[in-house]
Amino acid sequence: MKKLALALALSLSASIANAAEYVIDTKGAHASINFKIQHLGYSWLVGRFNDFSGEFSYEDGEPKMSKVNVTIQTDSIDSNHAERDKHLRGDDFLNVKKFPEAKFVSTTVTDEGDGQMTIIGDLTLHGVTKSISIDAHKIGEGKDPWGGYRAGFAGETKIALKDFNIDYDLGPASTEVELMLHVEGVRQ
Amino acid sequence: MKHTSSGWGWLLITIHWLTALTVFSMFAAGLWMVDLNYYSDWYKTAPHWHKSIGLLLAALTLFRVVWRLVGRRPQKFGSKLEQRVASLAHLFIYLLLFTLFLSGYLISTADGRAIDVFNWFTVPSLGELIDDQEDIAGSIHFYVAWALIGLVSLHALAALKHHFFDKDATLRRMLGQKQTP
């Protein structure tokens with residue numbers, strides 16, 4: 001019984017030791033948080049958040065990461081048009097003075113096979129916290145040429161603006177925003 | 001046409017009242033247009049006109065200042081203190097106007113885009129001069145607009161005071177009446 005407990009404790013600590021921490025490489029800009037939303041139903045408007053930070057846990061060779069959290073500076077929204085960005089930062093949309101940060105904290109990550117995974121977690125945006133599900137997959141991992149070790153993932157999700165109390169009327173085709181996420185982490 | 005010691009001259013009088021009309025209309029339009037619904041017919045037109053008129057008024061005001069400095073201004077009324085306060089207020093109105101023109105220009109040109117003035121000509125951007133330019137310029141534009149409206153309201157009240165209490169020619173002169181000594 002004692003032996004079993006010891007073995008269990010050892011294997012637990014081993015698996016914890018194996019799951020390395022990765023810091024998302026925002027410094028080198030090998031990560032981006034992009035969004036797109038329909039414009040009137042005729043085309044896609046694409047933009048991104050320039051300032052964010054985060055980290056994830058990942059075990060070498062595993063099909064999935066084990067947890068991830070990201071904090072976004074909402075005032076860094078960039079749709080390549082100053083007047084529109086000003087509007088998006090204002091209280092019709094993100095209200096960045098009141099809600100300067102958006103946050104995603106994963107709760108569970110499920111391996112879906114074929115390199116696919118589902119990341120479920122809480123997204124806090126515009127002062128509202130809601131559970132969302134991100135479809136993600138690993139892009140690759142390995143040593144970088146400068147002595148480090150990196151792993152990268154891509155994910156996509158869709159959120160409804162009104163779920164986060166953003167109710168400015170952009171028309172019936174533009175009630176949902178799609179997020180396209182690309183992160184590369186450097187193992188610590 | 002020119003202002004002399006006895007009157008403002010029709011050119012400055014016209015510019016003065018045209019500016020007064022424009023400033024109040026632009027203030028109302030500015031507050032109204034930022035809350036427009038995305039599907040409003042005015043959503044694109046109102047800001048386009050606001051920017052166009054603002055830049056034209058900037059050019060007119062620049063001319064006005066130059067024109068005002070050539071030639072002599074008519075006699076001032078009231079006590080020395082009143083005259084000094086009035087001159088200071090006039091100076092501040094000009095400063096607020098130019099701050100308003102500049103801050104408005106800096107909002108729309110923060111990403112390098114030019115401003116089309118009524119599809120007539122284009123004023124190019126100077127590029128992004130400071131970080132968060134559109135937001136900082138936007139706040140300045142908003143508060144300076146309110147300050148200007150406050151100050152010109154005082155200006156108008158002072159003109160009425162000259163007219164009704166002091167019974168001098170200050171207001172009549174700005175309405176084009178020649179001063180009779």
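A note on names: the letters A, B, ... follow the listed sequences, proteins ahead of strands, and every chain is numbered from 1. Computed from a predicted structure; not experimentally measured.
- Interface remark: of the candidates B:Ser108, B:Gly138, B:Gly112, B:Ala110, B:Ser108 forms the most heavy-atom pairs closer than 4.5 Å to chain A.
- A side-chain donor from one of A:Arg84 and A:Ser79 sits under 3.5 Å from a side-chain acceptor of the other.
- The parts of A:His81 that come within reach of chain B are both its backbone and its side chain, each placing non-hydrogen atoms under 4.5 angstrom from that chain.
- A:Asp75 does not touch chain B: none of its heavy atoms, backbone or side chain, sits under 4.5 Å away.
- Criterion: ILVMFWY side-chain heavy atoms under 4.5 Å apart, direct or through other members. Under it, A:Leu123 and A:Met180 are not part of a common hydrophobic cluster.
- Between the side chains of A:Thr118 and A:Glu112, at least one donor N or O sits under 3.5 Å from an acceptor N or O.
- Across B:Asn37, B:Asp132, B:Asp111, the residue that shares the most heavy-atom pairs under 4.5 angstrom with chain A is B:Asp111.
- Although no hydrogens or angles enter the test, the distance criterion places a donor-acceptor pair under 3.5 Å between the side chain of B:Ser40 and the main chain of B:Trp42.
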